[in-house]
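Input: a single structure, listed below in structure tokens.
What's counted below: heavy atoms across the whole structure, side chains too, no hydrogens, waters or symmetry copies.
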Amino acid sequence: MDAERLQENLLQSCLRQQLDEFHMLSSIFCNAGELHVDDYSFVDNINAYIEGETKRLNAKLDYQLNLPLLGSEKVQIRIELPHLYPAIEIPLFVVRSACFPRDRERLITERIERYIDQEVLDKNEAYVYQIVCWIQDNFPELTKFEETPKVPSDQPSEDSENAKDTKFERLWIYSHHLKSKTKRQTILKSARDLDLSGFSRPGKPAVICVEGRQQDTQEFWRTIRPLKWQKIQIKLAEVEPLAPVDVVDDKRRFLGFREELFTEVDDENDEEVPMSMSLFMKFLDKHDSGYIRKEIFGFEKPESVV
């Protein structure tokens, strides 16, 4: 019990620091559109957990800063906080701008993580603001990369040939159930490493949606398929060609990748709680994906609410 109490005290301390820092950032970046939160219910849920009003954390705290780091051009800084930040886990930073290609995002994230590892000396105190200030001060250098030598036009590179066949793909994956924390972590990590957006609904049944470049969605499928499943299948693969002028983000329906529970009750064993079909359908409709209910469940509209 002592170990459990210590773990709970650590979690409570981390969550309090996260909220304190979030409110501080809200007061600093207070201009319209500078700080954006997709769903404020996550903030309310963490508050309720700290106050003992619920025993379940719905999701991690994440928010986005939109800052003019390139003249008048806005740059997105997406921040996701694991529950044990800052004491044990590190935050995830994703920096996006129309001024540099998406394949640079992973390199920028790696530079930020390296800075955290080498320069943040006191990781017992919240340090997201320190990282944001560092990004602001060093943005030109942070986004500077050596250009790949150009290949003569009469000798097309393998990459340029592959670029002609680039496609956007959205996979809808169905599984009998998803309870293993290891699988859940693998799904989250793989999707984020491959720059895929979408969601994963653990429990019974399990629904996973990933979208991005086809080579990345297929790599995701090759990663999770060999895991031990009672049943898993791709219910629908939506594929669109990408012309050279197309931007992958314009094809996306989801922002980032996260777990979604679609439950209306608090329970420590969240994967055991039945999915609320009503919440799930509203979520799908919000992301222009209501049609998938027929592919997954075999009906056009929900007949009853779980």
Side-chain angles (χ1 to χ4, degrees), residues 1-30 35-65 77-94 109 112-113 115-117 119-134 178-189 192 199-203 256-274 276 279:
M1 289 298 295
D2 288 342
E4 292 180 5
R5 192 176 297 111
L6 287 172
Q7 181 72 13
E8 179 63 21
N9 290 341
L10 176 64
L11 176 59
Q12 293 269 356
S13 173
C14 289
L15 294 175
R16 285 193 181 92
Q17 289 191 67
Q18 290 181 25
L19 285 184
D20 288 345
E21 185 175 47
F22 170 75
H23 293 310
M24 179 192 72
L25 290 170
S26 299
S27 65
I28 295 173
F29 301 103
C30 55
L35 191 150
H36 172 77
V37 180
D38 290 334
D39 190 344
Y40 266 96
S41 68
F42 296 152
V43 178
D44 296 336
N45 172 245
I46 292 175
N47 264 317
Y49 184 88
I50 291 174
E51 297 299 325
E53 298 171 6
T54 180
K55 293 183 179 180
R56 181 166 65 85
L57 289 168
N58 289 337
K60 299 170 185 176
L61 180 60
D62 69 90
Y63 44 89
Q64 178 177 304
L65 296 173
I77 304 176
R78 189 83 192 186
I79 303 156
E80 180 179 299
L81 305 180
H83 291 149
L84 291 177
Y85 158 82
I88 295 177
E89 299 176 284
I90 69 170
L92 172 67
F93 283 81
V94 177
T109 295
I112 294 172
E113 290 176 350
Y115 175 82
I116 292 173
D117 182 56
E119 302 296 334
V120 177
L121 302 179
D122 186 2
K123 293 186 176 67
N124 290 316
E125 299 293 332
Y127 53 84
V128 163
Y129 181 56
Q130 176 184 341
I131 305 305
V132 172
C133 290
W134 178 75
L178 171 57
K179 298 180 181 180
S180 164
K181 292 191 182 298
T182 300
K183 285 182 187 176
R184 291 166 65 175
Q185 291 170 358
T186 300
I187 289 168
L188 286 169
K189 185 177 187 307
R192 289 166 180 168
F199 68 93
S200 170
R201 195 284 164 179
F257 187 91
R258 68 172 68 193
E259 276 197 350
E260 298 282 357
L261 298 176
F262 309 114
T263 58
E264 296 176 323
V265 297
D266 290 340
D267 194 301
E268 292 181 355
N269 299 315
D270 49 38
E271 72 276 2
E272 297 290 346
V273 179
S276 165
L279 290 180

Starting at CD1 of I28, measure out to SG of C30 and round the result to the nearest 0.5 Å.
9.0 Å
Does L11 form a side chain to side chain contact (heavy atoms under 4.5 Å, CB included) with E8? I'd like the steps, not just the answer.
CA-CA 5 Å; L11 176 59; E8 179 63 21; 4.2 Å; yes
Separation of L178 CG from R184 CZ (nearest 0.5 Å)
6.5 Å
On a heavy-atom basis, the closest approach of K123 and I116 is NZ-O, 3.1 Å
Give the minimum heavy-atom separation between F257 and F199, together with the two atoms involved.
CE1-N, 3.4 Å
When rounded to the nearest 0.5 angstrom, what is the spacing between CD1 in I50 and CG in L19?
4.5 Å
When you look at I131 and I79, which way does the side chain to side chain contact (heavy atoms under 4.5 Å, CB included) test go after all the steps?
CA-CA 10 Å; I131 305 305; I79 303 156; over 6 Å; no
If the threshold is 4.0 Å, N to carboxylate O, is there a salt bridge linking E80 and R258?
no
Output yes when a side-chain donor or acceptor of T54 lies under 3.5 Å from a complementary backbone atom of Y49, and no otherwise.
no
How close do R56 and N45 get, counting heavy atoms only, and between which atoms?
O-ND2, 3.1 Å
Output the distance between atom CD (E260) and atom CZ (R201), rounded to the nearest 0.5 Å.
10.5 Å
Going by atom type alone, with no hydrogens or angles, which donor-acceptor pairs under 3.5 Å involve a side-chain atom of residues 83-92 and a protein atom two or more places apart or on another chain?
| from | atom 1 | to | atom 2 | distance (Å) |
| --- | --- | --- | --- | --- |
| H83 | NE2 | A59 | O | 3.4 |
| Y85 | OH | E21 | OE1 | 2.9 |
| Y85 | OH | Y127 | N | 2.6 |
| Y85 | OH | V128 | N | 3.0 |
| E89 | OE1 | L84 | N | 3.0 |

Please check this pair: side chain of T186 against backbone of T182, looking for a donor-acceptor N/O pair closer than 3.5 Å.
yes
Working to the nearest 0.5 Å, report the span between NE2 of H36 and CD1 of I77.
14.5 Å
Separation of L81 CG from D62 CG (nearest 0.5 Å):
8.0 Å
Minimum heavy-atom distance L35-F29, with the two atoms named
CB-O, 3.8 Å
